[in-house]
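Working notes, beginning with the structure itself.
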Amino acid sequence: MSYELLTHPISVAEMWEELRFLASYFCERDYVDCEIYFGFAWIIDYYGGEMPIPERLSLASLADKVRAVETSGIGKLGSDELYVQIAGLSFRFCDESDIHLYFGSTNSMIEDFYSRWKMLGYMPGEYERLETGQQGKCLRFN
């Protein structure tokens with residue numbers, strides 16, 4: 001069984017803050033790099049219409065990389081999808097201006113993000129993920 005944390009829609013500034021927080025959070029836990037790929041709308045321009053290939057990059061350069069791609073006129077955080085994979089977790093900065101966190105089992109990192117998002121008023125929920133990839137039963141909601 002897999003699971004998902006999901007925020008309510010947040011502002012673009014908050015999306016950027018969460019991207020920077022993600023990098024800082026994992027750096028503090030001695031992670032050095034992550035894998036990213038740009039989703040849907042960015043696929044056409046960034047990947048030339050081909051399927052996205054995850055790129056490994058340092059956590060320290062994560063926000064700069066996304067900003068550089070955005071500045072080039074290709075996509076926009078909060079309007080287009082960005083996937084960040086690290087420590088067995090997958091973050092999806094969604095085109096609907098919310099954040100999804102996909103995981104296999106609860107651990108302290110999941111609880112840290114749930115608590116943070118709750119404290120910030122992002123109204124997180126935790127859901128089962130069905131084999132189809134669809135959202136299943138709500139397990140908890142802020």
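Reckoned from all heavy atoms, side chains included, excluding hydrogens, waters and symmetry mates. Model, not experiment: these values are computed from the prediction.
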- Message: Taking Tyr83 as the starting point, is it possible to reach Ile110 by hopping between hydrophobic residues whose side chains are less than 4.5 Å apart?
- Response: yes

- Lys65: partners by salt bridge (charged side-chain N to carboxylate O under 4.0 Å, His left out), with sequence neighbours left out: Glu55

- Query: Rounded to the nearest 0.5 Å, what separation is found between the CG atom of Asp112 and the OH atom of Tyr25?
  - Reply: 3.5 Å

- Message: Are the side chains of Leu89 and Phe26 in contact, using a 4.5 Å heavy-atom criterion?
- Response: yes

- In chain order, what residues pass the side-chain hydrogen bond (donor to acceptor under 3.5 Å, both in side chains) check against Asp33, with sequence neighbours excluded? Arg56

- Summary of ring pair (Phe, Tyr, Trp, His ring centres under 6.0 Å) pairs that have at least one residue in residues 51-73, sequence neighbours excluded: none

- Can you name the salt bridge (charged side-chain N to carboxylate O under 4.0 Å, His left out) partners of Arg140, sequence neighbours left out? Glu111, Glu126

- Query: With Arg129, which residues qualify under side-chain hydrogen bond (donor to acceptor under 3.5 Å, both in side chains), at least two apart?
  - Reply: none

- Task: Quick one: which residue pairs count as a salt bridge (charged side-chain N to carboxylate O under 4.0 Å, His left out) with a foot in residues 68-90, not counting sequence neighbours?
- Result: Arg67-Glu70, Glu81-Arg92

- In chain order, what residues pass the side-chain hydrogen bond (donor to acceptor under 3.5 Å, both in side chains) check against Trp117, with sequence neighbours excluded? Glu18

- Query: How does the hydrophobic cluster around Met51 look, that is, which other residues are in it when side-chain heavy atoms under 4.5 Å mark a link?
  - Reply: none

- Item | Any side-chain heavy-atom pair of Phe21 and Phe113 under 4.5 Å | yes

- Query: Does a side-chain heavy-atom distance below 4.5 Å link Val84 with Cys34?
  - Reply: yes

- salt bridge (charged side-chain N to carboxylate O under 4.0 Å, His left out) against Glu96, all qualifying residues, sequence neighbours excluded: none

- Query: If you look only at pairs with a residue in residues 53-78, which of them pass as a ring pair (Phe, Tyr, Trp, His ring centres under 6.0 Å), with sequence neighbours excluded?
  - Reply: none

- Which residues, ordered by chain and number, are linked to Leu6 in its hydrophobic cluster, where ILVMFWY side chains connect at heavy-atom gaps below 4.5 Å, directly or through other members? Met123, Tyr127, Phe141

- Item | Close side-chain approach of Thr7 and Leu120, heavy atoms under 4.5 Å | no

- Task: Using salt bridge (charged side-chain N to carboxylate O under 4.0 Å, His left out) as the criterion, list what pairs up with Asp64, not counting sequence neighbours.
- Result: none

